Number of protein chains: 2
Amino acid sequence: MEKLTPKQQRVYDYIRDTLAATGAPPTRAEIAEALGFASANAAQAHLRTLARKGAIELGSRRSRGIRLLGGAPIGLDGPVANDDDHTDEGLAVIGRVAAGMPVLAVEHIERRVQVSQAIFSAPADYLLTVQGDSMTGAGILDGDLLGVRRTTDVREGQIAVFRLGDDVTVKRFHRDRDGIRLLAENPDYPDITVDAEADELALEGLAVGVLRAIS
Amino acid sequence: MEKLTPKQQRVYDYIRDTLAATGAPPTRAEIAEALGFASANAAQAHLRTLARKGAIELGSRRSRGIRLLGGAPIGLDGPVANDDDHTDEGLAVIGRVAAGMPVLAVEHIERRVQVSQAIFSAPADYLLTVQGDSMTGAGILDGDLLGVRRTTDVREGQIAVFRLGDDVTVKRFHRDRDGIRLLAENPDYPDITVDAEADELALEGLAVGVLRAIS
DNA sequence: TTGCCGACTGGATATATTTACAGCATGGAA
DNA sequence: TTCCATGCTGTAAATATATCCAGTCGGCAA
């Protein structure tokens, strides 16, 4: 197969993707719109060139009559997410956490979910099932799975998972001269002011992502 | 998937075979000729029945807009690995969805994400990047990846992806004696009242889940 | 019997799609 | 410089397709 120019390759790729996404090849007009051409004829010219070079085959007067011939298989474009370690097992989903017990204790693992770390802002170490509506304002609803990355420090304004005495909670972190406050993102819930003396505050990890089933 | 009659199965098989043989689904006329019908309308009726039973999916006014749903995916010969179905390649992230003021959406696969179907309420066929804040009340924020399952019908109250003319939007479906309305979940955004006459409303699929990176 | 569904025929029509024709601009090769 | 390939815009016409409407027929269940 003769070599394709970058532009021609883009047309070829679009055909391949459309085939995969819709089950049928695109029309000239669809190609033109997708690649930003004002005229479908530009796509037509490209197709003829691709056919001449042996990358595709065109059916005469046949709507969507484009067949891929070239040998380039679909590749996982983009970077492949590299997990820290246990890629195969997926992320553990943690349910309710008993008081004082380490979050990642085996007995808390309900199941495992295979998820690419690519969808998180940073690699997650486990998933936590959110309970309650205190963070709905941040788009974190009751029942959501929260991707958590274990860290030792939080920065101002970040959403993280904290342990306050016996309770594990998700809140936005805020610290100023008056001390630390854990802010809820729901007017119906009060912010939590942490009394450095009396309360025992621990950071479980940073919230790096949310997964939710919509029914 | 509802059971098919022998005749319906023959139509289904012909679509599958045509897809494998030519790289594109057949037209009504081609189906009619292949199965010996004198009228393409006979094929049309069969297709509608197949769609109703969930065996295929029909694209509105789209030439060769037939998509197989039931059973094993067919091997598009040539270099095209069929997407959709799954696991190995992950879900395709397709274009952007206007969730605020409708924005022109150019459909096109941006990347792929490995996600277990288990986190969705139903298997997703692809992921769409949400654009806009009109569904924040439902915990769907700007930039979120929305898991979409291609279907042919929505039920009252479900959140789905609609195409209104050239615009793609995520909204909650509502239908009553006055007609169809697409409800935003954000007081700052107006609900969309669909004019059955003037507007061309199409269902892209059901929202089955949300993925979001928190930074 | 009545009514509904699966299976068609035939004809009409609005779109969707392909394709030809006419140009324009750029850059490399002869 | 001239020729040619790449890459486009724009318009129009010829076809290909999807879809709607109006009926027909036989089987089956209420």
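Values below: all heavy atoms of this structure, side chains included; hydrogens, waters and symmetry mates excluded. For clarity, every value in this text was computed on a predicted model and none was experimentally measured.
- Among all heavy-atom pairs drawn from B/I66 and B/P25, the shortest one is O-CG, 3.3 Å.
- You'll find that the side chain of B/A42 is closest to C/dC8, out of C/dA7, D/dT17, C/dC8.
- D/dA18 atom C1' lies 10 Å from atom CD1 of B/I66, rounded to whole Å.
- Counting heavy atoms from C-beta outward, B/L211 and B/D144 have side chains that stay 4.5 Å or more apart.
- B/Q44 places its CD atom 15 Å from the C1' atom of C/dG6, with the value rounded to the nearest Å.
- As a whole-Å value, the separation of A/H46 NE2 from C/dT18 C1' is 17 Å.
- One atom, CZ of B/R10, and another, C1' of C/dA7, lie 13 Å apart when rounded to the nearest Å.
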### Task
Mind running side-chain hydrogen bond (donor to acceptor under 3.5 Å, both in side chains) on A/S63 and B/S63 for me, showing each step along the way?
CA-CA 7 Å; A/S63 76; B/S63 76; 3.3 Å; yes
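- Judged by distance alone, the side chains of A/Q8 and A/H46 never bring a donor and an acceptor atom under 3.5 Å apart.
- Between the side chains of A/K7 and A/T5, no donor-acceptor pair of N or O atoms lies under 3.5 Å.
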### Query
Could you walk me through whether B/R62 and A/E30 pass the salt bridge (Lys or Arg N to Asp or Glu O under 4.0 Å) check?
CA-CA 11 Å; B/R62 203 166 187 282; A/E30 286 168 357; 3.5 Å; yes
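- To the nearest angstrom, C1' of D/dT15 lies 7 Å from CZ of A/R61.
- Listed nucleotides: D/dT6, C/dT18, D/dA18. Nearest to the side chain of A/T5: D/dT6.
- The closest side-chain donor-acceptor pair between A/S134 and A/N186, if any, does not fall under 3.5 angstrom.
- Checking C/dT17, D/dA16, D/dG7 against the side-chain heavy atoms of A/K7 singles out D/dG7 as nearest.
- What separates CZ of B/R64 from C1' of D/dT19 is a distance of 16 Å, to the nearest Å.
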#### Entry: Sequence-aligned protein contact record of nucleotides 22-30 of chain D, with B where the base is within under 4.0 Å of a protein heavy atom and S where only the sugar-phosphate is
B--------
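- Across residues 30-39 of chain B, not one residue has a non-hydrogen atom less than 4.0 Å from an atom of DNA chain D.
- Taking only side-chain atoms of A/R28, from C-beta outward, the nucleotide of C/dA16, C/dA20, C/dT19 with the closest atom is C/dT19.
- Of the charged side-chain nitrogens involved, at least one lies within less than 4.0 Å of a carboxylate oxygen, so that A/R172 and A/E185 count as a salt-bridged pair.
- Residue B/T27 places none of its side-chain N or O atoms closer than 4.0 Å to OP1 or OP2 of D/dA16.
- Rounded to a whole Å, the CZ atom of B/R62 is 12 Å from the C1' atom of C/dT17.
- Distance from the side chain of A/R52 is smallest to D/dA5 among D/dG7, D/dT17, D/dA5.
- The side chain of B/R48 sits closest to D/dC20 out of D/dC20, C/dT17, D/dT15.
- Atoms CZ and OG1, on B/R181 and B/T193 in that order, are 5.5 Å from each other to the nearest 0.5 Å.
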### Query
What's the verdict on side-chain contact (heavy atoms from CB on, under 4.5 Å) for B/F162 and B/V154, showing C-alpha distance, side-chain angles and the deciding distance?
CA-CA 10 Å; B/F162 302 93; B/V154 228; 4.2 Å; yes
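- What separates CG of B/L47 from C1' of C/dC8 is a distance of 14 Å, to the nearest Å.
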